[in-house]
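See below for the structure under consideration.
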There are 2 protein chains.
Amino acid sequence: MTTPFLSRTETLSLLSLTIACLCIIANTFQGDGEPLIASLAFSGIAFSSTYAMIVWLGPTFMKAGLKGKDMSKVHKKEIPETMGAVCAVVYLLIIIIFIPFPFYKDIVAATSGGGNRDVLKDVEIVQTGRFLHRFPHNKLASYLSAILSLQSVSILGIGDDLFDIRWRHKFFIPAFASIPILIVYFVDFGVTSIVLPKPLQPLFGMRLFDLGPLYYVYMAAIAIFCPNSINILAGINGIEVSQCLVIAFLLVFNDILYLLVPYPHPATDSHLFSLYMLLPFIGVSLALWQHNWFPARVFVGDTYCYFAGMVFAVVGILGHFSKTLLLLFIPQIFNFIYSSPQLFRLIPCPRHRLPRFNARTGFLEPSVTEWKEAPHPLVNWGLKMLDRVRLVRVVVDKEGNVVESSNLTILNLWLVWWGPRREDRLAMEIVGLQVVCGLVGLFVRHRLALLVFDADNLTV
Amino acid sequence: MTTPFLSRTETLSLLSLTIACLCIIANTFQGDGEPLIASLAFSGIAFSSTYAMIVWLGPTFMKAGLKGKDMSKVHKKEIPETMGAVCAVVYLLIIIIFIPFPFYKDIVAATSGGGNRDVLKDVEIVQTGRFLHRFPHNKLASYLSAILSLQSVSILGIGDDLFDIRWRHKFFIPAFASIPILIVYFVDFGVTSIVLPKPLQPLFGMRLFDLGPLYYVYMAAIAIFCPNSINILAGINGIEVSQCLVIAFLLVFNDILYLLVPYPHPATDSHLFSLYMLLPFIGVSLALWQHNWFPARVFVGDTYCYFAGMVFAVVGILGHFSKTLLLLFIPQIFNFIYSSPQLFRLIPCPRHRLPRFNARTGFLEPSVTEWKEAPHPLVNWGLKMLDRVRLVRVVVDKEGNVVESSNLTILNLWLVWWGPRREDRLAMEIVGLQVVCGLVGLFVRHRLALLVFDADNLTV
């Protein structure tokens, strides 16, 4: 197999983008240095290098056994799998190289020099002025812990793609990967109280409620939920990357709202941190999207889903807007709850639940679970009730036993509701639904939150 | 293939070791908390979990294609490869969980609570007393950057083992992985001057010499050298792990010297950092050694060599004893220089240079490079000169042209010098040589350094 190459147009576009971005970065060294501009430029470089590497590394991945068949096509040819690992590696490299930009050295420590930094001298701390968009130096540890968590989830995700870890084991991969942020949070901050909604304040007699160790459980739950919920809303070309791009763009939109209010605003730093993490993520994801959208030329692998989910979790946790984050996960939350009867084996769960491809029409149809033995009477009744409210489609035999039920994923449900359709149309519609839900969520967050909280922190 | 299991003795020993270690860790929560004891206990857990996981995961690795043939055996059966990845993952998890122990929260920041850590209040810094063996909180960033570099090298090492990256590319893997420590060093410390040896001081008219950006080149060079030099001193059962264990134990010995002098000593913190990094490394390496020593049941893979080399590089760089570190790499430095004619293709370099196995005797013999065409006259003359001083063995044809020369590795040279021997004996002798060189190196470091430097920092 020869190394595939970029077309002349692709080469020229990527090259000019890269050069432009490099110039912008070089320019930020003049004057104050503007990390946000630099971050945008780095994201451009992230895009072009990911785009090129996905093309170049395809055959290498297939040779190493990282390949899969696209089940929803007439010609089921093998294409490279686990391309999310390329995204992750490029992203991590970019985000590491970016460190000096926001965390400009603003603490000058007097040392004895000579490498002997350990000589016990009084350290003279010179706190230079803070500039807009420049981080306080003491946030470096939390930024590093975020990178650590993302690297951990990448290593474990690659392991999953290589070894095909069982579902009940891989559920906890993000939990392991979240350990670095939890630990550094514990060592470095340790704030574990939350603001109570107004109606509850008289009840508890306080404004702040200290969750104590439960706060860490809450953070771990976010870290477990985000990657896994993306991982189970999957199975058709482009859906994994598209949903992540929607969430990322909505988060960026939310972040920008905070940058428009006058500085210094309490939450500016958190949302800058969020932007620095999300912009390069959008860069690598757009490149992957180009190759993964219908008809897919590469698959993303579990690595991408875990990695993307962890980016969101890290941003939400360290930026202290995990509740806002969850508002952008409404379709994923619905899909998770809707899937749970199968995930927890109340209803049989086949290895793959992706919609069934009808080669005659070229359309996707809802895939089904066949009941080899009659379901438990309660499950039987429940399924028939859900069928009546059109939340599932069942086939019943003469005795009234369910013999076939559609698989419980939002993709199948959509097909049950609106009929068979082509793969890309299904993906577009789900993504459209997600955009609407997300915008409504953000509106609720900023306009209606005042009803239950003292203040929307955007307007304080 | 069934999952292999541990023998009853193994299960009982590992289980009791783990329980004992857990008790010790629980105990350190009482009173001050003693990170060094906790680190030892964590290393015990690292050992037992690595030992068990290597056994359990063997078939999984082989199924994923991570396997190799042992060329130096009569029966060349396939065994799992890349088991260094297991070491790396266990090590990273342990070292992350260990973070709270040395970096106990000793800065209490006054915050508004409620997750709004960004409210601009004056931060009241409460510096509690420092205890022996407890790190200053501001070293957290450098510790985190060390973990970042180790994670990076693991990801890239796994990539190398999967995709068989070409030699001239993989040479730079550690360079990429060293970026996090270099960047955090730049952001957080930025000390780039070195102490000049006494004879040079009048020449430059100063005691300290600022290397500037060259200091970063120097650090990167250390990070590139350590992993690669271990990676090329390889090829027989157990040699990779054994040499790393020797270096690790000698470094620990050196660290302990610094703990015995009265505290607060300038270098105590650096050497504690080194111990915290090295003890769990010894734990995982000993477990791997058990499976990799002659006759090997698993291979370590490039991942292990890169990972181990990076542990040493990180410890040396962040602990500011990179010159001492290099004294422990004498056999590797020799092997590197000795190999360079082949590495830089002055002399043809076959894919593998490991000693040749003689199935009749069961002994290893020096492997050779066959010259398909007559070497350049200069190379020809050089090889014959080296043959005369017994640094290489050549076969010459009637016209005086070299037609065959032994491969330039220390392992082949040892076999040229002392004759064929069994694989494990060769490994033991090389390891013995390394121990002697290392001890001499440390002696020179602490006793003779006074001749060229103002002071051995152990006795200041």
Side-chain angles (χ1 to χ4, degrees), chain A residues 57 60-61 63-66 85 88-89 92-93 96-97 99-100 103-105 109 111 113-120 137 140-141 144-145 147-148 151-152 154-156 158-159 162-163 176 179-180 183-184 186-191 193-195 207-208 210 264 266-270 320 457, chain B residues 57 60-61 63-66 85 88-89 92-93 96-97 99-100 103-105 109 111 113-120 137 140-141 144-145 147-148 151-152 154-156 158-159 162-163 176 179-180 183-184 186-191 193-195 207-208 210 264 266-270 320 457:
Chain A
L57 291 177
T60 317
F61 272 61
K63 219 176 96 195
L66 299 170
V89 169
L92 290 168
L93 194 61
I96 286 169
I97 295 177
I99 295 174
F103 301 98
Y104 191 72
K105 198 173 105 199
T111 57
N116 283 321
R117 278 195 45 80
D118 311 293
V119 176
L120 292 176
H137 187 267
L140 179 59
L144 294 180
S145 74
I147 307 177
L148 273 178
Q151 279 193 337
S152 306
S154 305
I155 293 179
L156 296 171
I158 292 169
L162 271 179
F163 303 133
F176 277 102
I179 292 175
I183 295 241
V184 173
F186 170 72
V187 171
D188 224 20
F189 305 99
V191 178
S193 36
I194 52 166
V195 180
R207 226 189 109 243
L208 294 173
D210 191 8
T268 306
D269 281 342
S270 299
H320 294 289
N457 68 354
Chain B
L57 291 177
T60 317
F61 272 60
K63 220 176 94 194
L66 299 170
V89 169
L92 289 168
L93 194 62
I96 286 169
I97 295 177
I99 295 175
F103 302 99
Y104 191 72
K105 196 174 106 197
T111 56
N116 284 320
R117 279 193 46 79
D118 311 293
V119 176
L120 292 176
H137 188 267
L140 179 59
L144 294 179
S145 74
I147 306 177
L148 274 178
Q151 279 194 337
S152 305
S154 305
I155 293 179
L156 295 171
I158 292 169
L162 271 179
F163 303 133
F176 277 102
I179 292 176
I183 294 244
V184 174
F186 170 72
V187 171
D188 226 20
F189 305 99
V191 179
S193 35
I194 52 166
V195 180
R207 224 189 110 244
L208 295 174
D210 190 8
T268 306
D269 280 341
S270 299
H320 294 289
N457 67 354

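A, B, ... follow the sequence lines: proteins, then strands. Residue 1 opens every chain.
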Test side chain to side chain contact (heavy atoms under 4.5 Å, CB included) applied to A/Leu93 - qualifying residues, sequence neighbours left out: A/Ile97, B/Phe176, B/Ile179
Atom group of B/Leu92 that falls short of 4.5 Å from chain A, counting heavy atoms: side chain
Residue selection (most heavy-atom pairs with chain B, distance under 4.5 Å) from A/Val89, A/Ile147, A/Ile158: A/Ile147
Contact class of A/Leu162 relative to chain B, heavy atoms under 4.5 angstrom: both
Nearest non-hydrogen partners of B/Leu144 and A/Ser145, listed with the distance: CD1-N, 4.4 Å
Chain A contacts, top residue of B/Leu148, B/Asp210, B/Leu66 (heavy-atom pairs, under 4.5 Å): B/Leu148
Contact class of B/Ile183 relative to chain A, heavy atoms under 4.5 angstrom: side chain
Listed partners of B/Ser152 passing side chain to side chain donor-acceptor pair (under 3.5 Å), at least two apart: A/Gln151
